[in-house]
Each structure stands twice: as C-alpha cells, then as structure tokens.
**Student:** 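Mind having a look at this structure? Questions to follow.
Positions are given from 1 along the sequence.
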Amino acid sequence: MQTFPKNERLCGKTTIDNLFTNGRFIKGPLFRLVWNIEEFDNDTIAQTLIVVPKKNIKNAANRNVLKRRMREAFRIYKSGLYTKIKSKKQQLAIAIIYQEQEILPYKVIQEKIKLILDRLSEEI
C-alpha cells in the first residue's frame, strides 16, 4: 500500500478540468487541497495530482525537488485516507497544490501533508 503507481496519478485533462471547476477545497497552512468525487474506469480508490506552481517557485529543479518531497509524504500517509474512501465506496480526484514562495524542508512538508489528509478524511 506504500506505493504511488501510475494508475493513482491524475493525468486526464477532462478530469483535471472537472476537478478545478466543480471540486471542493481545503486550505491548509502550506497546501491547498482540491477534491471531487469521480467515477474512474479502473478500480483505483483515488487519483492524485501534485502541483507546484511556476508563479511561486521559478526554478524548475526546485519545483521538481518539492514535487518529489510531496509525493513521498503523500505515499506514506495515504493509507488512512484510502481506507476511509474505500469504506464509503467512493472514488476521488485529488489535487495538492503547494502555496509557499520558498522551499521548505521535508519534515515540514511531511507534517503538513499528514494534517491536510487527515482533514480531508474527516470531511468525506
């Protein structure tokens, strides 16, 4: 359960457009999480999109470092959220958007991802 395979990544343009137009959001201290209930063809529980805007972090290498850190933290803490979604028999599309202007250490990102995923599991 501690993997983040391709079928759990949100890639479809129509799903992404639908997520940002109709989705609900949770604003955290470091991240903004947008989520929407979707119907996927396969048996995935949720599909997730990790976003670090170019407006906030100009250097591409730094954006990639942040996305790598966010993916790792999500991979570790997603199991609690997935059990909650599975018990409700739903499928979610999720986007996690980085909101800060500077690069933060992994421990801070890890704590905030855990916090925002816990808030999402309460809200579902």
**Student:** Tell me which pairs pass ring pair (Phe, Tyr, Trp, His ring centres under 6.0 Å) where either residue lies in residues 94-124, with sequence neighbours left out.
**Tutor:** Phe31-Tyr98

**Student:** Do you reckon Tyr82 sits in the same ILVMFWY cluster as Leu117, going by side-chain contacts under 4.5 Å, direct or chained?
**Tutor:** yes

**Student:** Rounded to the nearest 0.5 Å, how far does CG of Leu81 lie from CD1 of Ile124?
**Tutor:** 5.0 Å

**Student:** Sorted by first residue and then second, give each salt bridge (charged side-chain N to carboxylate O under 4.0 Å, His left out) pair with at least one member in residues 91-104; sequence neighbours left out.
**Tutor:** none

**Student:** Quick one: salt bridge (Lys or Arg N to Asp or Glu O under 4.0 Å) partners of Lys114, sequence neighbours excluded?
**Tutor:** Asp118

**Student:** Going by side-chain hydrogen bond (donor to acceptor under 3.5 Å, both in side chains), name the residues that satisfy it together with Thr44, two or more places apart in sequence or in a different chain.
**Tutor:** Asn42

**Student:** Let me confirm one number: the CD1-CD1 distance from Ile50 to Ile113, rounded to the nearest 0.5 Å.
**Tutor:** 6.0 Å

**Student:** Donor-acceptor pair, Lys84 side chain versus Ser121 backbone, under 3.5 Å?
**Tutor:** yes

**Student:** Please list, chain by chain and in numerical order, all residues satisfying side-chain hydrogen bond (donor to acceptor under 3.5 Å, both in side chains) with Gln90, sequence neighbours excluded.
**Tutor:** none

**Student:** Would you name the heavy atoms of Leu104 and Arg69 that are closest together and state the gap between them?
**Tutor:** O-NH1, 2.8 Å

**Student:** Not counting sequence neighbours, which residues clear salt bridge (Lys or Arg N to Asp or Glu O under 4.0 Å) with Glu72? List them please.
**Tutor:** Arg75

**Student:** Please walk me through it: do Gln47 and Cys11 pass side-chain contact (heavy atoms from CB on, under 4.5 Å)?
**Tutor:** CA-CA 9 Å; Gln47 288 188 343; Cys11 299; over 6 Å; no

**Student:** What pairs meet the side chain to side chain donor-acceptor pair (under 3.5 Å) rule with one or both residues in residues 9-30, with sequence neighbours excluded?
**Tutor:** Lys13-Asp17, Asn18-Asn22, Asn18-Glu38

**Student:** Find the distance between CD (Glu123) and CH2 (Trp35) and round it off to the nearest 0.5 Å.
**Tutor:** 5.5 Å

**Student:** Hydrophobic clustering (ILVMFWY, side-chain heavy atoms < 4.5 Å, transitive) - are Leu30 and Ile26 grouped together?
**Tutor:** yes

**Student:** Taking the side chain as C-beta and beyond, is there a heavy-atom pair between Gln91 and Ile37 under 4.5 Å?
**Tutor:** no

**Student:** State, to 0.1 Å, how close Asn36 and Gly23 come at their nearest heavy-atom pair, and which atoms those are.
**Tutor:** CB-CA, 4.0 Å

**Student:** For residues Leu120 and Ile116, determine if any side-chain heavy atom of one lies less than 4.5 Å from a side-chain heavy atom of the other.
**Tutor:** no

**Student:** Can you tell me which residue pairs pass the side chain to side chain donor-acceptor pair (under 3.5 Å) test with a partner in residues 50-68, sequence neighbours excluded?
**Tutor:** Asn56-Gln101

**Student:** With hydrophobic residues grouped by side-chain heavy-atom distances under 4.5 Å, do Leu66 and Val108 end up in a single group?
**Tutor:** yes

**Student:** Does one hydrophobic cluster hold both Val52 and Ile103, with members joined at side-chain heavy-atom distances below 4.5 Å?
**Tutor:** yes

**Student:** According to the ring pair (Phe, Tyr, Trp, His ring centres under 6.0 Å) rule, which pairs have a member within residues 41-75, sequence neighbours left out?
**Tutor:** Phe4-Phe74

**Student:** How long is the straight-line distance from CG of Leu92 back to CD1 of Ile45, given to the nearest 0.5 Å?
**Tutor:** 10.0 Å

**Student:** Is the shortest heavy-atom distance from the side chain of Arg119 to the side chain of Leu33 under 4.5 Å?
**Tutor:** no

**Student:** Please write out which residues are connected to Phe20 in a hydrophobic cluster, directly or through intermediates, given that two of Ile, Leu, Val, Met, Phe, Trp, Tyr count as joined at side-chain heavy-atom separations below 4.5 angstrom.
**Tutor:** Leu10, Ile16, Leu19, Phe25, Val34, Leu49, Val51, Ile97

**Student:** With the side chain counted from C-beta on, respond yes when Pro53 and Gln99 share a heavy-atom pair under 4.5 Å apart, and no when they do not.
**Tutor:** no

